[in-house]
Amino acid sequence: MAYAASHDAHDDHGHHPSGWRRWVYSTNHKDIGTMYMVVSMLSAVLGGGLSWLIRLELAEPGIQFITDFQFYNVMVSAHGLIMVFFVVMPALIGGFGNWFLPLMIGTPDMAFPRMNNVSFWLLVAALILLVLSGIVGSGVGTGWTVYPPLSNIEYHPGPSVDFAILSLHLAGASSVLGAMNFITTILNMRAPGMTLHRMPLFVWAMLITAFLLLLAIPVLAGALTMLLTDRNFGTAFFKTGQGGDPILWQHLFWFFGHPEVYIMILPGFGIVSQIVSTFSRKPIFGYLGMVYAMVSIGFVGFVVWAHHMFSVGLTSSTRAYFVVATMVIAVPTGIKIFSWIATMWGGSISFKTPMLWAIGFIFLFVVGGVTGVVLANAAIAVSVHDTYYVVAHFHYVLSLGAVFSIFAGFYYWIGKMSGRQYPEKLGQLHFWTSFVGVNLLFFPQHFLGVQGMPRRIPDYPDAFTGWNMVSSFGALVTALSTVLFFYVVYRTLTSGEKCAANPWGEGASTLEWTVPSPAPFHTHEVMPKIGSQPAE
Amino acid sequence: MLKNLKALAGLAGVLVASVAAVALAAKPEPWAILFQKPESPVMEQIVSFNDYISIVIILITLFVLALLIIVVVKFNEKANPTPSKNTHNTLLEVAWTVIPVLILVAIGIPSIRILFFMDKNPAAEMTLKVTGHQWYWSYEYPDHGNFSFDSVMVPEADIKDRSVRLLEVDNRIVLPVETDIRLLFTSEDVIHAWAIPALVAKIDAVPGRINESWVRINRPGIYYGQCSELCGVNHGFMPIAVEAVSKEAFKRWTDDKKKQAAGPSGVEVAADAARPTTGSAR
């Protein structure tokens with residue numbers, strides 16, 4: 001292809017820094033993507049470790065080892081913040097997005113390579129600030145939602161919450177810069193012939209995600225700034241006694257927070273679409289339907305925020321609107337699920353590890369999705385609001401949805417990224433142990449929730465013991481499975497087989513499979529010409 | 001699996017029934033997988049609606065699972081070496097758009113009907129005002145002389161029946177059965193949420209706001225619940241307990257309370273009760 005011919009001609013031109021400069025000053029989308037992946041993995045150890053401590057504490061009724069309940073709340077909050085901002089987003093957007101978006105649209109790099117570097121290092125700074133927030137004071141014991149008045153200075157004195165606010169500010173700035181970069185790159189730098197309707201679905205997913213980030217993050221930034229000045233400079237945006245209102249925070253936070261959940265899941269949709277098509281050896285079914293399903297999920301995602309607030313005292317008419325609007329999202333989501341199945345239907349499927357994760361994603365996302373339809377009904381939502389039912393629901397869509405898509409993407413692309421293929425048997429073992437573990441971990445939480453067990457409590461009435469023990473046992477299985485994953489990573493990088501340019505065969509029709517594995521430092525220096533393929 | 005669920009549900013039912021034979025105490029039960037048995041009109045409607053929607057979502061999930069199993073069995077590379085190139089089927093695509101819409105309409109209509117039923121009750125016969133504090137609840141009875149009291153969790157050391165550990169309080173709320181009761185909620189500090197799974201749809205106690213809901217308790221008993229909005233260090237330790245009694249017993253109880261309030265310490269209590277609790281968050 002065009003790539004091979006162009007490679008030699010550009011060898012001397014290639015700026016190829018080495019040593020620490022290669023990474024710290026990096027403007028290369030692949031190196032930056034790799035660094036995002038590394039940060040995500042390190043954060044996953046931290047955030048996942050916290051969740052195992054939480055499950056350990058909850059394994060039996062009574063206090064096991066956490067005698068400081070503020071510390072328990074800090075762990076719960078830090079787990080949420082780390083998983084959302086420093087594990088899922090960096091892996092899906094910074095990691096896979098940076099790595100494969102330029103490769104898939106046939107462009108040499110991102111539109112603003114130096115801004116890409118800034119995005120990454122801001123994220124590192126944000127992570128450091130968040131970790132510091134747990135060290136400098138009594139920690140952030142507010143939940144990841146940081147609701148005032150609990151997060152106000154009266155109830156959280158000391159600098160912890162301020163550190164967390166600044167951390168989220170930097171993470172937000174990092175995301176907005178990244179989003180601008182993605183949008184510009186996708187809209188202006190596609191290879192000739194790649195019209196918007198010929199872009200791979202992963203690229204579409206990243207484009208929509210980037211727009212969601214661009215529109216949602218500034219609202220969070222505004223709210224965070226208001227909270228910061230409430231805490232430190234005597235303003236009263238969220239203070240009741242002085243004319244403010246804590247519910248305002250919830251509106252602003254969820255106006256960001258609901259699109260945020262689509263920010264975390266849309267890239268996963270994109271990855272799963274690529275994998276399902278590749279391993280079924282079929283083009284994606286109903287490509288245009290898939291694209292516009294994602295567009296409409298992104299759009300409607302902005303007008304449903306108050307379904308997180310059904311119990312705060314909104315009028316019934318307001319709640320009725322949010323019920324209906326929320327249910328609408330089920331329709332495009334259903335289109336995506338059925339289109340994936342239709343893509344597999346009639347296919348010639350090979351069940352390699354990435355495909356297992358993708359099928360696991362589809363099924364578990366349906367389970368999490370249907371409980372989402374249940375929760376869309378304000379009448380039921382208020383009876384299970386802030387219980388473990390909600391915890392089960394959002395872990396099914398995020399922990400079992402988004403995180404499964406990260407693992408799917410990892411196994412799908414690791415050969416391209418490292419030049420070495422993962423060990424197939426171990427990969428499959430990792431999938432099955434994870435699948436069993438997370439279901440044991442999260443399914444019983446539905447039962448705890450309908451019986452009324454509240455979220456974010458360090459001890460529970462004895463009646464909740466049984467399912468909590470099952471759940472904690474599931475956490476143990478999941479933890480062992482994650483240790484296995486790190487072993488797989490180690491084996492892959494040290495003794496994995498050399499990976500061919502396209503290890504997956506004819507089903508893998510996107511452009512990243514036309515460059516060698518590992519992808520060289522510079523790729524697509526001459527843009528490939530696109531015929532009728534890839535996605536349609 | 002469904003059979004197992006049913007068996008478990010049956011087991012839970014038996015447990016609930018055996019407790020009810022002594023005196024109704026609505027609280028979580030070991031290994032239960034369903035809602036606590038509803039004891040108010042609102043929760044009865046919510047639970048029966050949830051039963052209906054649960055059937056719908058279980059069928060949808062099983063349908064998707066069945067499709068996935070068919071795909072795995074019929075379209076693996078051994079069974080089907082040559083993939084089809086079919087990527088469109090307009091009829092199918094219309095069907096999987098329209099049918100979910102119809103299902104959602106079938107869910108949405110009863111959902112919204114219940115939502116408005118749960119709302120305020122203009123015909124309420126009495127009012128209970130609930131105020132959240134870090135970390136206890138206080139209650140006022142404005143229609144019965146405006147007396148008030150605090151309700152604090154009984155510490156573990158003083159608990160005899162372990163099944164109410166973290167659920168029992170020193171002063172239970174006493175309420176009459178078969179009475180439409182208006183509930184008003186506010187908070188003195190941070191946001192709390194008042195929840196009794198068997199009786200009410202939970203509602204937040206928000207500083208600076210008064211939220212309204214209502215309850216009608218079907219039969220006498222003790223109903224337990226817990227704070228359901230993260231409110232700080234002891235969030236897990238501010239439970240709620242309602243003792244529902246006959247109307248006559250309730251009248252006797254309020255008369256007693258009124259007398260106490262009129263006693264030497266009564267002045268202070270009344271002043272306390274009159275103070276607006278919606279003021280500054282300090």
Side-chain angles (χ1 to χ4, degrees), chain A residues 69-70 143 147 149-150 154-155 239-241 245-246 281-283 285-286 289 311-313 316 319-320 323-324 327 330-331 334-335 338 341 344-350 359 363 366-367 370 373-374 377-380 382-383 385-386 447 450-452 454 456-459 461-464 466, chain B residues 28-36 46 50 53 57 60-61 64 67-68 71 75-77 80-81 83-84 86-87 93 96-97 100-101 104 108 111-112 114-116 118-119 162-163 165-167 190-191 193 197 201-204 207-209 211 226 228-230 232-233 235-236 279-281:
Chain A
F69 301 143
Q70 171 69 10
Y147 280 5
L150 188 58
E154 293 91 334
Y155 304 102
K239 286 183 190 163
T240 305
D245 186 353
R281 288 203 281 148
K282 269 183 72 189
F285 185 98
S311 71
V312 302
S316 288
R319 292 194 286 181
V323 169
V324 174
M327 286 216 235
V331 177
I335 291 175
F338 291 123
I341 295 174
M344 290 188 265
W345 201 274
S348 177
I349 308 171
S350 69
I359 294 175
F363 180 63
V366 169
V367 176
V370 292
V373 173
V374 174
N377 296 285
I380 300 178
V382 288
S383 57
H385 172 82
D386 249 58
F447 307 147
V450 290
Q451 275 281 301
R456 298 162 167 172
I457 54 173
D459 188 8
D462 294 19
F464 296 126
Chain B
E29 298 300 334
W31 297 106
I33 62 169
L34 303 173
F35 273 91
Q36 292 183 28
I46 289 175
N50 183 68
I53 197 173
I57 64 167
I60 291 171
T61 310
V64 173
L67 290 178
L68 285 173
V71 161
F75 300 111
N76 63 61
E77 58 193 344
N80 190 35
S84 82
N86 179 26
T87 57
E93 291 180 59
W96 71 44
T97 311
V101 171
L104 289 173
S111 169
I112 294 198
I114 297 175
L115 184 62
F116 281 90
M118 286 163 36
D119 200 19
R162 269 193 66 92
S163 74
R165 193 182 68 94
L166 305 182
L167 293 173
V190 302
I191 301 173
K202 65 178 64 79
I203 191 149
D204 290 356
R209 287 183 173 229
N211 284 332
Q226 292 173 276
S228 296
E229 180 67 54
L230 179 60
V233 176
H235 163 54
S280 81

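For clarity, every value in this text was computed on a predicted model and none was experimentally measured. Hydrogens, waters and symmetry mates are skipped; everything else that's a heavy atom, side chains included, is used. Note on naming: letters A, B, ... go to the chains in the order of the sequence lines (proteins, then strands), and numbering restarts at 1 for each one.
- The side chain to side chain contact (heavy atoms under 4.5 Å, CB included) test applied to B/T61 returns A/F363, A/V366, A/V367, A/V370, not counting sequence neighbours.
- When heavy atoms are compared at a cutoff of 4.5 Å, A/P461 approaches chain B by way of both its backbone and its side chain.
- Contacts of B/N211 with chain A are made by side-chain atoms alone, with heavy-atom separations under 4.5 Å and no backbone atom involved.
- Between B/P207 and A/T240, some side-chain heavy-atom pair lies under the 4.5 Å cut-off.
- Salt-bridge check for B/R209 with B/D204: failed, with every basic side-chain N at 4.0 Å or more from each acidic carboxylate O.
- Contact annotation for B/I112: only side-chain heavy atoms (C-beta onward) come within less than 4.5 Å of a heavy atom of chain A.
- The candidate from B/L68, B/D119, B/I57, B/T97 with the greatest count of non-hydrogen atom pairs under 4.5 Å with chain A is B/I57.
- Side-chain contact between A/I380 and B/I53: present, with at least one pair of heavy atoms (C-beta onward) separated by less than 4.5 Å.
- Of the atoms belonging to A/V323, it is side-chain heavy atoms, and not backbone ones, that fall under 4.5 Å from chain B.
- In this structure, the portions of A/V374 lying under 4.5 Å from any heavy atom of chain B include both its backbone and its side chain.
- Chain B forms more heavy-atom pairs under 4.5 Å with one residue of A/Y147, A/F285, A/F69 than with any other, namely A/F285.
- Both the backbone and the side chain of B/Q36 come within less than 4.5 Å of a heavy atom in chain A.
- Contacts with chain B were tallied for A/G452, A/S350, A/A378; A/S350 has the most, counting heavy-atom pairs under 4.5 Å.
- The part of B/L167 that comes within reach of chain A is its side chain, from C-beta onward, which places non-hydrogen atoms under 4.5 angstrom from that chain.
- Note: A/V450 leads A/I457, A/V450, A/V312, A/I341 in heavy-atom pairs under 4.5 Å with chain B.
- Counting only heavy atoms from C-beta outward, the side chains of B/V190 and B/E229 never approach each other to under 4.5 Å.
- Contact count versus chain A (heavy atoms, under 4.5 Å) is highest, among B/P81, B/G108, B/S163, for B/P81.
- With a threshold of 4.5 angstrom between heavy atoms, B/P83 approaches chain A through its backbone and through its side chain.
- When each of A/A330, A/G313, A/G346 is scored by its heavy-atom pairs under 4.5 Å with chain B, the top score falls to A/G346.
- Taking the side chain as every heavy atom from C-beta outward, A/Q451 and A/F464 approach each other to under 4.5 Å.
- Counting heavy-atom pairs under 4.5 Å between each of B/V71, B/L67, B/I203 and chain A puts B/V71 at the top.
- Ring orientation note: the planes of A/F338 and B/W96 are close to parallel, at an angle under 30° on the 30°/60° scale.
- In terms of heavy atoms, A/W345 sits closest to A/K282 at O-NZ, 2.7 Å.
- Taking CG of B/N50 as the reference point, atom OG of B/S111 lies at 11.0 Å (rounded to 0.5 Å).
- In this structure, B/L115 CG and A/S316 OG are separated by 4.5 Å, a value rounded to the nearest 0.5 Å.
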